[in-house]
Protein chains: 2
Amino acid sequence: MDDATEVPEASRPVTIHMVAASAGVSASTVSRALNFPELVKPGTRERVLETVERLGYQPNRAARSLALGRTASLGLIVPDIANPFFAPFVKVVQARVREANYALFLADTDEDPSTEVELALAMSQQVDGLILCSPRMPGRKLRTIAAKTPVVVANRLSRSVPSIALDFGPGVQQAVAHVHALGHRRCAYLSGPGGSWSNRQRLRAFTAHCESYGIELVVLGPYEPVFSGGYRGADEALAARVTAIFAYNDMVALGVMSRLADRGVRVPDEMSVVGFDDIEVASMTSPPLTTVAIPVDTVAKASAALLLSLLAETTPQRPAAQELATRLVIRNTTGVPKEDRI
Amino acid sequence: MDDATEVPEASRPVTIHMVAASAGVSASTVSRALNFPELVKPGTRERVLETVERLGYQPNRAARSLALGRTASLGLIVPDIANPFFAPFVKVVQARVREANYALFLADTDEDPSTEVELALAMSQQVDGLILCSPRMPGRKLRTIAAKTPVVVANRLSRSVPSIALDFGPGVQQAVAHVHALGHRRCAYLSGPGGSWSNRQRLRAFTAHCESYGIELVVLGPYEPVFSGGYRGADEALAARVTAIFAYNDMVALGVMSRLADRGVRVPDEMSVVGFDDIEVASMTSPPLTTVAIPVDTVAKASAALLLSLLAETTPQRPAAQELATRLVIRNTTGVPKEDRI
DNA sequence: CTGAAAGCGCTAACAT
DNA sequence: ATGTTAGCGCTTTCAG
C-alpha cells in the first residue's frame with residue numbers, strides 16, 4: 001500500500017491566458033511558442049516555455065479540437081477485445097497510433113453487426129479517423145460511415161473503403177499440401193460464422209486447394225468461432241469419418257482437441273488437426289498446434305499506417321502483398337493417418 | 001467484397017445553427033429540445049427533432065465538452081492489452097462505461113511504470129476519469145494524477161486513491177490446504193515481477209499459509225510473468241526438489257508445464273502445478289490447470305462502477321468483500337506426490 | 001515579432 | 001416557452 005502524504009487539492013486547470021499573464025505576453029504568443037516555436041523570438045519563447053513548465057500548463061484538448069477542427073484521436077472497433085486473435089491487434093494499433101500522437105478510442109461490438117454500425121456512427125463524430133477490424137456490417141453501411149470520417153477496414157477487402165486484407169491462399173495451399181503429403185484424402189472444414197468475410201475466404205481457399213490436390217472436403221458447421229464450438233465440430237468430424245480437420249480458427253481447433261481427448265481419440269495418430277490464426281496459445285498446448293499463421297501484427301501496423309497516411313494526406317504506404325500472406329506453421333497435431341481409420 | 005455504389009461526398013458537418021435555421025427556431029431551442037425536452041413545447045420539440053433527424057445532425061463533441069467542462073469520455077490504462085488476464089478486464093470496463101454513455105480511451109503501458117505515468121498524465125486532461133489497472137507507479141505519482149482527475153485503481157490497494165483490490169487470502173489458503181491434503185510438504189513459489197503489488201500479496205499469502213500448514217516453501221524467481229518465464233521456473237523448481245509448484249500466474253504455470261513435458265516430467269504424477277488467475281486457456285490445456293481463480297469480471301465491473309459513481313457524485317457502490325475473494329479451482333494438474341521423488 | 005479580435009459549436013444564464 | 005448574449009480555451013487571421 002502506498003503512503004498517504006497529503007497532496008494539494010485539485011485547483012482549476014491552468015489556461016493559456018494564465019500562462020500569458022504570468023509570462024507577460026499575449027495568449028497568441030504562448031500558442032505560437034508552443035505550436036510554431038520558430039515564429040517567436042528566442043528570448044520570449046524561452047520565457048514562455050519556462051512559465052508553461054512552471055505552471056504545469058496543458059492545453060485543453062476540447063478547445064484545441066474545436067478551434068482546429070481535429071480531435072487528435074482515432075477510433076478502433078473490434079468484434080471482441082478478449083478474443084486472443086483481436087487483443088494483439090488492438091495492442092499494436094494502440095502503440096502505432098500513440099506514436100503518432102493520437103489517442104485511441106476503443107469499442108467492442110460483442111460480435112454484433114448492428115452494434116458495430118451504431119458504435120461506428122457514434123464514434124465517427126469524435127475522431128479524426130476510424131479503424132474497423134473485421135467488420136461484419138454490410139458494405140452499404142460501411143460506405144455511410146466512410147462518408148463521415150476517414151475509415152480503414154482491416155481483415156476484409158472492400159472496393160469502396162481503404163482496406164488491409166489478408167491473402168489466405170498461400171497458407172491454405174501449404175496446409176492442404178502438407179496434409180496431402182501425409183496421406184490424408186478425406187478432410188473436414190469446420191466453418192466459422194456464416195456472415196464473416198474471413199470464413200468465406202477460408203472456405204473458398206480450402207475448397208479450391210483440396211479439389212486440386214484430390215482431397216475430398218467435407219464442410220461442416222457453421223460453429224461458433226470459440227473453444228466450445230470445437231466440441232460439436234469434433235464429434236461431427238468423427239462421424240464424417242475424416243482423418244484430418246481444418247478448423248475455422250485456433251480456438252475451435254483447441255476445442256476440437258479437447259473433445260477428441262475426452263473421447264479417447266489420439267492426436268495426431270488418429271486424427272490430424274490444423275488450426276488457423278496462430279494465436280499465442282497455439283504453441284502452448286500439448287501437443288502444440290499445427291496452424292495457418294496470420295501476420296496480425298503486420299495487419300495491425302499496416303492498418304494504423306494506412307489511416308495515418310490518409311490523415312496526413314501523404315501517399316498511403318501499403319505493405320507488400322507478400323507481407324500479408326499467411327503461411328503454415330507445422331507443429332505436432334498433424335501426422336500420418338492410421339490405415340484402419342481410413 | 002462489398003459492392004461499390006456511389007455515395008455522396010462528405011460535406012461540412014451540420015451544426016446546431018443549421019438545424020435551428022431549418023426548423024425556424026433559435027440554436028438554444030434546438031439545444032434544449034435535445035438535452036431537456038421537457039423545457040420545450042411539444043409542437044416545437046417535434047419539429048426540431050424531426051429536423052435533427054432529417055439533417056442527420058450530431059452535436060460536435062469538442063464544442064460540447066468545451067461548453068460543459070466535461071468530455072464524456074473515460075480512460076483506461078493497462079500494462080498489456082494482449083495479456084489474457086487484462087483483455088477481459090478491458091472488455092468488461094468498455095462495456096460498462098459505454099452503457100453509461102461514456103467513450104473509452106485505451107492505453108497500454110507495455111508493463112513500464114514510467115510509460116504508465118506519462119500516459120496517465122497525458123490522458124488526465126482529456127477524460128472525466130481514469131481507471132488504472134494494476135498500476136506499478138509509485139504511490140506519490142498516483143496521487144499526483146489523482147489530483148488532476150478522478151481516478152480508480154484496480155488490482156492494487158491504495159489508501160489515498162479509491163481502489164478495488166482482491167483478497168488473495170481465501171484462494172491461496174485453499175490451494176495450500178489442497179496441496180497439503182494431497183501429501184505435499186515441500187513446494188516452490190515462482191515469483192512474479194518484484195515491484196508488483198500482486199506478487200507481494202501472493203507471496204505473503206503463500207508464505208503465511210504454508211507456514212501454518214507445515215509446508216516448506218522455496219521461493220524462486222522473480223520470473224517474467226509470461227509463458228517463457230515458466231521454463232526457467234520449472235528447471236529451478238526441479239532442482240530444488242519440490243513436489244509442487246505455485247506459479248505467480250497461469251501463463252507461467254503453462255510455461256512450467258510445457259518445460260516439464262519437454263523434460264519428461266509427468267504432471268501431476270511427478271510434479272503438481274497450481275496456477276493463478278484462471279485465465280480462459282487454463283481450462284483448455286491438457287491436463288486442465290488447477291488454479292487460484294480471480295473474479296476479473298467483478299473487479300472490472302466494480303472499478304467502472306466506482307469511477308462512474310464518483311463522477312455522478314452518488315454514493316460509491318462498493319462490492320462486498322466476498323465478491324472480491326479468490327478461490328481455488330481444482331482441475332487436473334495437482335495430485336498425490338510420488339514417494340520416490342520426495 | 002507580437003497583440004487584438006474573431007470564431008470554432010455548443011450551453012446556460014438572462015431576458016422577454 | 002423561446003430568443004439573445006456571453007463565454008468555454010484555443011488558434012489564427014489581421015494589424016502594427
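Just so you know, these numbers come straight off a predicted model, no measurement behind them. Atom set for the values below is all heavy atoms of this structure, side chains included, hydrogens, waters and symmetry mates excluded. Note on naming: letters A, B, ... go to the chains in the order of the sequence lines (proteins, then strands), and numbering restarts at 1 for each one.
In this model, the phosphate group of D/dG9 is not approached by any side-chain N or O of A/T15 to a distance below 4.0 Å at OP1 or OP2. Contact check, A/S26 against C/dA4: no side-chain N or O comes under 4.0 Å of OP1 or OP2. The side chain of B/S31 places an N or O atom within less than 4.0 Å of a non-bridging phosphate oxygen (OP1 or OP2) of C/dT11. B/N35 has a side-chain polar atom (N or O) that falls below the 4.0 Å cut-off from OP1 or OP2 of C/dT11.
For the pair B/L68 CG and D/dA6 C1', the computed distance is 16 Å after rounding to whole Å. Spacing between atom CD1 of A/I16 and atom C1' of D/dT12 amounts to 12 Å, rounded to whole angstrom units. Rounded to whole Å, atom P of C/dT16 lies 20 Å from atom CG of B/L39. Put simply, CZ on B/R47 is 11 Å from C1' on D/dT2, counting in whole angstrom units. For the pair A/R12 CZ and D/dG9 C1', the computed distance is 11 Å after rounding to whole Å. In this structure, A/N60 atom CG and D/dG9 atom C1' are separated by 6 Å, rounded to whole Å. Atoms CZ (B/R45) and P (D/dT2) sit 10 Å apart, rounded to a whole Å. Taking atom CZ on B/R70 and atom P on C/dA12, their separation rounds to 10 Å, with Å as the unit.
Judged by closest nucleotide on DNA chain D, B/V40 is the one of B/V40 and A/F36 placed further toward the 5' end. Take the nearest nucleotide of DNA chain C for B/R32 and for B/L66: the residue whose nucleotide is more 5' is B/L66.
Checking C/dG3, C/dG9, C/dG7 against every side-chain atom of A/A67, the shortest atom distance belongs to C/dG7. Taking the side chain of B/A63 as heavy atoms from C-beta on, and the options D/dC10, D/dA1, C/dG9, the nearest nucleotide is C/dG9. Comparing D/dT11, D/dC10, C/dT2 by their nearest atom to the side chain of A/A27 picks out D/dT11. In this structure, of D/dC10, C/dC10, C/dG3, it is C/dG3 that holds the atom nearest to the side chain of A/V25.
Residue A/R156 holds its CZ atom at 5.0 Å from CG of A/L142, rounded to the nearest 0.5 Å.
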**OP:** Decide salt bridge (charged side-chain N to carboxylate O under 4.0 Å, His left out) for B/K91 and A/D110; before the verdict, give the C-alpha distance in whole Å, the side-chain angles of both, and the deciding distance to 0.1 Å.
**Re:** CA-CA 9 Å; B/K91 185 178 173 88; A/D110 254 323; 3.1 Å; yes
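Residues A/E38 and A/R45 approach most closely at CA-NH2, 4.4 Å, considering heavy atoms.
Nucleic acid contact class of B/S28 (heavy atoms, under 4.0 Å, all strands): base. B/T44 comes within contact range of the sugar-phosphate backbone alone, with a heavy-atom separation under 4.0 Å but no base atom that close.
In A/E46, the CD atom is not crowded: 12 or fewer heavy atoms of neighbouring residues, nucleotides or ligands sit closer than 6.0 Å.
With no hydrogens or angles considered, no side-chain donor-acceptor pair links A/R61 and B/T71 at under 3.5 Å.
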